[in-house]
Amino acid sequence: LALRLEPFASLGIALLVAGFLYLPARNALWRSLVERRRIPDHELFQAVMDVAFKATEPERVEAWHALVRRVFDPLELERLPAAASSGLRGEAVLALDRGMPSIRQDGLEMVLPAVAASPALAVRYPWRGRELFGTAHARLARQMIDLMRHAEAGRAAHEEGVLEERRRVARDLHDDLGAKLLTALNRPDLPGTRRAIREAIAEMRSVLSGL
């Protein structure tokens, strides 16, 4: 009306203004005020490591749930024990069998497989209900799960190494130190007994220094 243009020219100008000015400005304002920012990769890696190396299984479960809430900020987070998970159908069941996340209910829900001593989870209404789950979010969830599984494998290897070292120390103490003490106990002469005890003490120091 202000420029007194023909309707066709006015429509073209309006489309240009909307496409190149209004929509980009609206999207930038949405990202700055409302949209959830993704956790940087190094922070996500550190958070997964913190979960994987918690001392007990209940602590790992709670830490994993807290991480899922931090990343996706859902309104609902429901545990799906084995009996309840059988109620899922179709692609969700196949994805859980493969250990993969799956999106259901047109993006309102994402099902995460069991990991970090936690049962499967149903994560609903992400970002306080302001957004829907998409393929990018499924990729992020898969990245988190893969990182967690690698971290758990490392923790399991570490714990197995600790147990094996304890077994080795126990064998050394039982076989070498026990044999020397038994020999000292059965020696009839005092000098021989003292020599055997000194050897046992030296063996014990050798075992302890190896720790």
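Atom set for the values below is all heavy atoms of this structure, side chains included, hydrogens, waters and symmetry mates excluded.
Under a hydrophobic-cluster definition in which Ile, Leu, Val, Met, Phe, Trp and Tyr are linked whenever side-chain heavy atoms come within less than 4.5 Å, directly or via other members, Val61 and Val111 are assigned to different clusters. Hydrophobic clustering of Ile, Leu, Val, Met, Phe, Trp and Tyr side chains at less than 4.5 Å, counting indirect connections, unites Leu75 with Leu132.
Listed by first then second residue, pairs satisfying side-chain hydrogen bond (donor to acceptor under 3.5 Å, both in side chains) with a partner in residues 43-55 read Glu43-Arg70, Gln46-Asp50, not counting sequence neighbours. Residue pairs that meet the side-chain hydrogen bond (donor to acceptor under 3.5 Å, both in side chains) test with at least one member in residues 137-150, sequence neighbours left out, are Arg38-Gln143.
Glu6 pairs by the salt bridge (charged side-chain N to carboxylate O under 4.0 Å, His left out) definition with nothing, not counting sequence neighbours. Here Leu15 pairs with Leu11 under the side chain to side chain contact (heavy atoms under 4.5 Å, CB included) rule; sequence neighbours left out. For the salt bridge (charged side-chain N to carboxylate O under 4.0 Å, His left out) test, residues two or more places apart in sequence or in another chain that qualify with Arg128 are Asp73.
Between the CD atom of Glu76 and the OH atom of Tyr125 there is a distance of 5.5 Å, given to the nearest 0.5 Å. One finds the CG atom of Leu112 at 6.5 Å from the CH2 atom of Trp64 (value rounded to the nearest 0.5 Å). Note: His158 NE2 to Leu163 CG = 9.5 Å, rounded to the nearest 0.5 Å. Considering CE of Met144 and CG of Leu67, their distance stands at 4.0 Å, rounded to 0.5 Å. Atom CG of Leu147 and atom CD of Glu152 lie 11.5 Å apart (nearest 0.5 Å). Of the inter-residue distances, the one linking Arg194 atom CZ with Ile201 atom CD1 reads 12.0 Å to the nearest 0.5 angstrom.
With Thr193 contributing its side chain and Asp189 its backbone, the two residues share a donor-acceptor pair below 3.5 Å. For the pair Glu59 (side chain) and Ala55 (backbone), a donor-acceptor distance under 3.5 Å is present.
Considering only heavy atoms from C-beta on, Ile145 comes within 4.5 Å of Pro113 through its side chain. Contact check for Glu109 versus Ile103: no side-chain heavy atoms found under the 4.5 Å cut-off. Inter-residue side-chain proximity for Leu108 and Arg104 is flagged as unmet; no heavy-atom pair is nearer than 4.5 Å.
The two residues Pro24 and Ala18 come nearest to each other via the heavy atoms CD-O, 4.2 Å. Minimum interatomic distance between Pro101 and Ala138 (heavy atoms only, all atoms of both residues): CG-O, 3.6 Å. Scanning all heavy atoms of the two residues, the minimum distance from Ser10 to Leu5 falls at OG-CB, 3.5 Å. The nearest pair of heavy atoms linking Leu121 to Leu80 is C-CD1, 4.2 Å.
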Task: Pair His65-Leu77, side chain to side chain contact (heavy atoms under 4.5 Å, CB included): steps then yes or no - done: CA-CA 8 Å; His65 293 180; Leu77 186 67; 3.9 Å; yes
- [ ] Starting from the C-alpha separation in whole Å, work towards a yes-or-no answer on salt bridge (Lys or Arg N to Asp or Glu O under 4.0 Å) for Glu199 and Arg205.
- [x] CA-CA 10 Å; Glu199 291 176 357; Arg205 288 174 177 170; over 6 Å; no
TODO: Evaluate the criterion side chain to side chain contact (heavy atoms under 4.5 Å, CB included) for residue pair Phe53 and Arg60; output intermediate values, then yes/no.
DONE: CA-CA 8 Å; Phe53 284 90; Arg60 287 196 291 274; over 6 Å; no
TODO: Carefully, step by step, assess Val68 and Val123 under the rule side chain to side chain contact (heavy atoms under 4.5 Å, CB included).
DONE: CA-CA 8 Å; Val68 172; Val123 187; 3.9 Å; yes
Open item on the list: Using the rule given for side chain to side chain contact (heavy atoms under 4.5 Å, CB included), can you reason through Val71 versus Leu140, listing the C-alpha separation, both sets of side-chain angles and the distance that settles it, and then say yes or no?
Closed with: CA-CA 9 Å; Val71 173; Leu140 175 58; 3.6 Å; yes
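Chaining together hydrophobic side chains whose heavy atoms lie under 4.5 Å apart places Leu16 alongside Phe20.
Checked for salt-bridge contact, Glu160 and Arg167 meet the test: a charged N lies under 4.0 Å from a carboxylate O. Using a 4.0 Å cut-off between a side-chain N of Lys or Arg and a carboxylate O of Asp or Glu, Glu159 and Arg166 do not qualify as a salt bridge.
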